[in-house]
Amino acid sequence: MHSLFDDEPPVIRVALPVPLTRCFDYILPPNLQNTYLPLGARVRVPYRNRTLVGVVMARQVSPDIPLEKLKPLTEVIDDASLLDDHQLALAKWLARYCHGPVGEVISMMLPAPLRQGAAAHIQEETYWMATQSGRALEPEKMHRAPKQAELLRALQKHQQPVAATMLRSLGFTSTQMAALEDKGLAERYLQSRHLEGRDHETPSVLAEIPLQLNDDQKHVVSEVTGQLGQSEVFLLEGVTGSGKTEVYLQVIEAVLKQGRQVLVLVPEIGLAPQTVNRFKKRFSVPVMTLHSGLNDKERLDAWLLARDGRAGVLIGTRSAAVTPFKDLGLIVVDEEHDASYKQGDGIRYSARDLAIVRGKMLSCPVVLGSATPSLETLHNATEKRFQWLKLTQRVGSSVQLPDIYLHDIQNKKLTNGIDGGLLQVMRTHLEQGGQVLAFINRRGFAPALMCHDCGWVSDCPFCDARMTLHREPPRLHCHHCDSVSAIPHQCPKCFNSELKPVGSGTERMEETLEQAFKDWPVFRVDRDTVSKKGMMEKLLARVNTEEPCVLVGTQMLAKGHHFPGVSLVVVLDADGGFYSSDFRGLERMGQLLTQVAGRAGRERRKGKVVVQTHRPDDPLLKLLAQHDYSEFSRCLLEERKDTLLPPYSFMAIIRAEANQSDLVSGFLTDVVQAAAPVTSQIEGLEVTGPVPSPMERRFGRYHMQIWLICDRRGPLHQGISCLLELINRHPLQRKVRWSLDVDPQELI
DNA sequence: AGCACGCCGACT
DNA sequence: GTCGGCGTGCTC
Ligand SMILES: [Zn+2]
Ligand SMILES: [Zn+2]
């Protein structure tokens, strides 16, 4: 709105990274009134007694507080919009969805240097390339300038521009480079080092010939490429080895040929160099990555190159979902069911869901790929909101699905978590020259230490949990609060000197298997071994020799790296999903088991999977053993429908914690009771709680939650707004930390 | 969230 | 007398 009077100073509305769900207005001082200041540009503003970086959300606003209370802004940082209209619309959408401040959402979207006000310009470096006449000239003829001749000879060897820094490290000087330029023999280029001489404007997109597709793949590629420019969501369901990646590559190729950009989302661990290299090898356009392994500068460059349309393909983990693009033509979400797509703190968004929202806003297709789609996605596909495409044929004729055996351990005495019969199966397999993969879902030596005389257990002093016994290095370690203590030599309660480890983790399994198989090496892969630098590379090299060995580890082994020599996979604790307090426990178990099975015998020989279970007759487990994830998921969906849980309802959780349990319960009880007159009138909305979290005490703090479940999103958000309003007015706000999670993935 | 302001106990 | 504990209020 324009000001009522012309002499009133122009006021702008700024989103700031503060936890207050409103924007702040500032006066544009006279000296900045002629500065170009578009929406989405960053400004520096005074805020209380400090200065903050904010983003312009509106101009020429009439402030809701008296004009004399407004402060003038300090500085305009961007001379052009930093975030375009779509990016701002996305931020607003996410802020509404999370019931959070748009300023915090925007702050989350920006790489750290931009948050702090750094210039939004790609650092360009000088590159040199021989011109046509430079290539035609024989350097030997340059008698009077031997150094320049040598430089020209070096440049002639390359078809691509060579970095000036590289030439300098070879002993050439800038004067020599400039001299060649003056003679028209060399040309200078300014470009980002990350582009590796590639250019998105390139006329040819391909750097190699694509693979031949089978009929399934051809059908999928033509379906998706036939609907480019439309906001369609595709579920691409393809079993392990059905050639999903090649389908992605060929759909991406079609988008790149239109001169548009592509975003590829991958799980946290999925960003293996081999995946990225496959993309770089296929395309001649710049392929950038964005993941947690990059430093601030690298992240900023990737972000800017995507925003400026200079990156053709961006492959990234969760946070890449909020990267701006100049002309986005396709989003691929690989392993869409993966839990790492959900941000667990701060702005709790799902990268997969955000991808779908962006697709709708930009009219671009979204491809969700998985061998084990989430129930949410399957439900959307069944309801025809997504187009359901399937890859049923496995690529390569020799590849067969492994046989899966459910190994009954009811009434069996296990030695350190493994049955003697199963050890024999492993031995036979090793004798035949095969590699074995053994999964166990717990790190450490044993999940607890116990006194058999008085019943003392290694409880964590800060959590409702046992401290895990570790041998490397020896310690008791709580996996929930990270507190560490020495291993007691005798029982702290009765002084009995015999304390027994209870249950097995990866370390104990490693030891057990080492003792059982003296002739073959046993390698452990879990967070503790992988974090040691260079260990993983060394291990991969050893395992890739395909000499017989045993790999024991956590889920980490199932994701990421593929081991071609493995033909026996052993799952030691499959029953966890049955006893999980989370209604998604079984779904996760099915996805993990299917993924694990895909690790057995993908090449050459047929694989075998053995699953230790107390429930060999369980119908769901049997379905998984028959490679029937579809029927398995159909059964689970049936169950969710009966219990009216997601995806048959929408859910939100309000979590709260404090150092005293009565503070949390008092706080949440007040809120629920005060809201009841309103929430009980909202049709279909169910408010449950406060209830203690599955592990009430964690790190000395008491956790409780309120559940909101509703059959429609609208009333759910109405209920949330009502509760949050009361929370924000509650006097205990200072002592209780709380958060809202819409569409939670974890119920903890 | 942050950060100032303000009001009480125990220190030089 | 003052240093610092944290309860309270506000941020354009
Ligand atoms: Zn004891
Ligand atoms: Zn703990």
Side-chain angles (χ1 to χ4, degrees), chain A residues 1-5 7-33 35 37-78 88 91-92 94-95 98-110 112 114-117 343-349 654-660 662-664 666-667 670-671 699-701 724-741:
Chain A
M1 278 290 109
H2 280 275
S3 302
L4 219 48
F5 305 102
D7 49 276
E8 278 183 13
V11 175
I12 59 161
R13 188 152 289 170
V14 180
L16 294 175
V18 288
L20 298 167
T21 320
R22 65 191 131 109
C23 287
F24 293 86
D25 296 341
Y26 288 90
I27 291 171
L28 199 56
N31 63 320
L32 291 175
Q33 279 172 22
T35 313
L37 183 58
L39 299 185
R42 285 171 303 160
V43 289
R44 223 182 281 276
V45 295
Y47 182 78
R48 190 87 185 205
N49 55 350
R50 57 209 164 114
T51 64
L52 293 177
V53 174
V55 168
V56 182
M57 299 304 286
R59 283 169 306 186
Q60 295 174 320
V61 294
S62 23
D64 356 310
I65 59 166
L67 206 58
E68 55 272 21
K69 283 199 152 185
L70 298 191
K71 291 179 182 175
L73 68 93
T74 319
E75 184 197 352
V76 175
I77 299 173
D78 297 303
L88 290 177
K92 285 181 194 163
L94 187 51
C98 296
H99 294 255
V102 71
E104 288 208 322
V105 172
I106 287 175
S107 162
M108 180 272 294
M109 285 177 156
L110 300 178
L114 294 183
R115 270 200 298 261
Q116 284 137 40
Q343 171 112 62
D345 56 342
I347 305 293
R348 294 167 196 263
Y349 66 97
I654 294 172
R655 289 178 251 258
E657 63 178 272
N659 49 17
Q660 283 170 278
D662 54 328
L663 286 176
V664 201
F667 176 75
D670 287 353
V671 170
F699 207 11
R701 295 179 68 80
L724 291 197
E725 225 169 273
L726 289 158
I727 281 178
N728 282 318
R729 285 207 303 264
H730 195 104
L732 278 175
Q733 258 249 49
R734 300 243 150 211
K735 301 204 164 184
V736 179
R737 273 232 299 269
W738 64 272
S739 64
L740 168 72
D741 193 349

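Numbers restart at 1 for each chain; the letters A, B, ... are given by sequence-line order, proteins then strands.
A straight line from OH of A:Y47 to P of B:dC3 spans 11 Å, rounded to a whole angstrom. In this structure, A:L16 places its CG atom 9 Å from P of C:dC12, rounding to the nearest Å. Regarding A:R50, its CZ atom lies at a distance of 9 Å from the P atom of B:dA4, rounded to whole Å. Per the geometry, CG belonging to A:L20 stands 11 Å off P belonging to B:dG2, to the nearest Å. Remark: P of C:dG9 and CZ of A:R734 are 9 Å apart, rounded to the nearest angstrom. Taking atom CD on A:E104 and atom C1' on B:dG2, their separation rounds to 12 Å, with Å as the unit. A:N728 has its CG atom 15 Å from the P atom of C:dG9, to the nearest Å. Separating the CG atom of A:L52 from the C1' atom of C:dC12 is a distance of 11 Å, rounded to the nearest angstrom.
If you take CZ on A:R701 and CG on A:L663, they are separated by 9.5 Å, rounding to the nearest 0.5 Å. For the atom pair A:C98 SG and A:Q343 CD, the distance stands at 9.5 Å (nearest 0.5 Å).
Of the residues in residues 22-31 of chain A, A:R22, A:F24, A:D25, A:Y26 come within less than 4.0 Å of DNA chain C through at least one heavy atom, sorted by number.
A heavy-atom distance below 4.5 Å is not found between the side chains of A:L73 and A:F24. Between A:R115 and A:P17 there is no side-chain heavy-atom pair separated by less than 4.5 Å. When side chains are defined from C-beta on, A:L726 does not count as touching A:D670, because their heavy atoms never get closer than 4.5 Å.
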Which donor-acceptor pairs under 3.5 Å do the side chains of residues 49-58 of chain A make with protein atoms, sequence neighbours left out?
none

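No engagement by A:P63 is indicated, since no non-hydrogen atom pair under 4.0 Å with the nucleic acid exists.
Between A:K69 and C:dC12, a side-chain N or O to OP1/OP2 separation shorter than 4.0 Å is absent. Between A:N49 and B:dG2 there is no side-chain polar atom (N or O) within less than 4.0 angstrom of OP1 or OP2.
Salt bridge present: A:D64 and A:R13 bring a charged side-chain N and a carboxylate O closer than 4.0 Å.
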